[in-house]
Amino acid sequence: MSSSALVNGVRRALAQRSSAAATRSFRSTAPKRYEAGSNGEPAYIHAPEMYDIGAMKYRKLTIGTAILSIVLIGGSIPVYAVHFQQTKAGTYASSK
């Protein structure tokens, strides 16, 4: 028996042995579940300080800037969209 035939025989024997022992199954660990108040911690670590808007620094400036930004972006997007469409169609007054 040549060495390659011997290697093929051993490979075939190992494949049969491992395929007989192998089983197809899905195994996973269960996700760790954190409950509010477990181990003395809240559900979210920063929860007590997260939504304390009354104690926020520069509250009027921050909220005013946020509202102004939302209004300006919300108003400028439709204006830009109409300008873009009319420019592409060639119907915009200043595009001639």
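For reference, positions follow the sequence shown, starting with 1. Remember, it's a predicted structure, so these values are computed and weren't measured experimentally.
Scored by the side-chain contact (heavy atoms from CB on, under 4.5 Å) test, I70 finds no partners at all (sequence neighbours excluded).
Note: L68 CG to L61 CG = 10.5 Å, rounded to the nearest 0.5 Å. The NZ atom of K60 lies 13.0 Å from the OG1 atom of T65; values are rounded to the nearest 0.5 Å.
Smallest separation of non-hydrogen atoms from K57 and T62: O-OG1, 3.9 Å.
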Could you give the side-chain donor-acceptor pairs of residues 74-81 under 3.5 Å, partners two or more places apart or in another chain?
{"unit_1": "S76", "atom_1": "OG", "unit_2": "L72", "atom_2": "O", "d": "2.9"}
{"unit_1": "S76", "atom_1": "OG", "unit_2": "I73", "atom_2": "O", "d": "3.3"}

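If you chain together ILVMFWY residues whose side-chain heavy atoms come under 4.5 Å of each other, V82 ends up in a group of its own.
Put simply, I67 and I53 are part of the same group of oily side chains (I, L, V, M, F, W, Y) that touch within less than 4.5 Å, one to the next.
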